[in-house]
Amino acid sequence: MSNKTMTLTDNVSGDSWDLPVLDGSTGPSVVDVRKLYAETGHFTYDPGFTSTGSCESKITYIDGDAGILMHRGYRIEELAENSDFMEVCYLLLHGELPTADEKTGFETAITYHTMVHEQLNYLYRGFRRDAHPMAVMVGVVGALSAFYHDSTDINDPHQRMVASHRLIAKMPTIAAWAYKYSVGQPFMYPRNDLSYAENFLQMTFGVPAEPYKPNPVLSKAMDRIFILHADHEQNASTSTVRIAGSSGANPFACIAAGIASLWGPAHGGANEAVLNMLQQIGHKDRIPEFVRRAKDKDDPFRLMGFGHRVYKNYDPRAKVMQKSCHEVLGELGLDDPLLELAVELERIALEDDYFVDKKLFPNVDFYSGIILKAMGFPTSMFTVLFALARTVGWVAQWKEMIEDPSQRISRPRQLYTGETERAYVPIDKR
Ligand code: CMC
């Protein structure tokens with residue numbers, strides 16, 4: 001650790017304090033304010049956490065100005081090109097790329113946990129058929145802690161690992177069943193002879209009446225989409241998982257909390273919102289009208305799939321996604337006018353001063369919906385796929401937190417601006 005400090009001076013009393021400055025392996029250093037309240041009687045104030053590092057982590061690094069995303073030191077573009085999702089899961093969880101033996105062992109461990117307790121079948125039946133699949137996901141994943149009591153002791157490293165494997169393994173089954181339930185088709189059981197992505201597609205699009213033949217182009221695209229969504233540092237849902245877990249809650253409950261947070265349109269729900277927006281725009285001629293609305297402060301409309309809290313440059317995931325989008329549509333021989341519309345919208349927005357000045361670029365969600373639509377997913381499933389892929393990131397971050405000896409319950413403070421103490425007024429005197 002360096003001896004760097006930053007001095008904080010109270011201009012009224014003249015008191016000053018030296019605050020330690022901690023360096024990461026790369027990226028901005030942080031001012032350590034852990035003792036600030038005890039020493040100065042002040043809190044820091046940072047709603048939205050724009051300048052707050054909430055934890056120490058070795059998993060994911062983002063340089064938002066340069067548009068760089070790395071997991072455990074490997075660039076996302078390289079992982080998307082050369083790796084597969086199982087390998088990326090291993091990397092996120094264990095810190096290193098697996099050897100061939102380690103990879104086989106990991107795949108076996110995941111494969112053996114893909115089935116869910118049969119009683120979960122009946123849980124689905126309690127939902128309305130027209131329920132949003134994300135609502136079903138929050139409920140079913142939260143309920144896993146009622147089924148897997150032997151992996152909820154967070155203080156047991158073995159149980160932590162079993163819970164991690166179970167969550168990664170069962171999420172495709174749970175997600176596919178959320179879809180099957182909504183379309184009134186029978187649930188398909190996992191097939192352990194298929195890869196992770198193939199198996200998910202089989203459970204989603206297969207039917208018991210016919211053998212399912214995986215399409216290698218779609219399976220590869222699905223796998224790549226999973227890689228691109230696997231982790232993303234301390235975003236809203238990951239921070240939710242960490243905060244939920246900081247109280248000692250079991251991992252299934254924590255991941256359900258993450259799914260709830262992901263659902264919002266400012267976060268994972270944006271992929272669904274992008275497609276709805278493109279459909280609403282409908283034709284290239286109407287793009288200027290929507291761009292104008294996005295710039296109007298009195299209009300709540302925003303260009304969905306544009307802008308990011310951290311990236312002030314092109315989101316590297318969006319670049320890979322755009323390329324994949326063209327590949328998948330090409331392979332399937334589809335000519336989706338929404339892709340043409342998206343490309344044109346991107347072109348116009350990137351030349352517009354408003355978007356240029358505010359450094360608003362396409363994010364991962366801008367093109368993902370078009371690929372998912374081409375693959376046959378309804379828009380309501382888009383965020384479910386994000387949740388499925390992000391589960392490994394949530395789990396890795398949750399494990400890292402539990403294994404960090406300096407971990408304490410997350411308990412932020414506030415700037416109170418309400419009434420100060422006043423006398424109670426009886427109801428007949430109000
Ligand atoms: N369209 C129009 N204006 C925008 C947009 C947009 N998509 N995004 C940001 N702005 C403007 C915003 O109005 C603000 O202007 P001003 O400074 O004049 O008030 C400025 O840019 C900064 O925006 P912000 O809301 O303060 O930034 P934030 O970091 O709080 O929000 C965001 C980031 C992603 C929520 C936001 O850019 C947004 O709502 N984008 C659309 C939704 C979206 O695509 N979300 C997916 C994010 S990537 C996947 C994920 O992580 O889940």
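All values reported here derive from a predicted model rather than from experimental measurement. Just follow the structure's listing: the first ligand is 1, and inside any ligand the first atom is 1.
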Report the C-alpha distance between Q234 and Q397 in whole Å, list the side-chain angles of each, state the deciding distance to 0.1 Å, and finish with yes or no for side chain to side chain donor-acceptor pair (under 3.5 Å).
CA-CA 9 Å; Q234 307 310 323; Q397 301 263 358; 2.9 Å; yes
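- At a heavy-atom cutoff of 4.0 Å, ligand 1 is surrounded by P265, A266, H267, G268, A270, A294, K297, R302, L303, M304, G305, F306, G307, H308, R309, Y354, K358, L360, N363, V364, D365, F386.
- Stacking of R129 on the aromatic ring of Y181 is recorded, both the 6.0 Å distance cut-off and the 45° axial limit being met.
- Salt-bridge annotation for R292 and D352: absent, with no side-chain N of the basic residue lying under 4.0 Å from a carboxylate O of the acidic one.
- Electrostatic pairing of R317 and E77 does not count as a salt bridge here, judged by no charged N lying under 4.0 Å from a carboxylate O.
- Comment: E403 engages R160 in a salt bridge, judged by a side-chain N to carboxylate O separation of less than 4.0 angstrom.
- For E96, the CD atom counts as loosely surrounded, since its 6.0 Å shell holds 12 or fewer non-hydrogen atoms of other residues, nucleotides or ligands.
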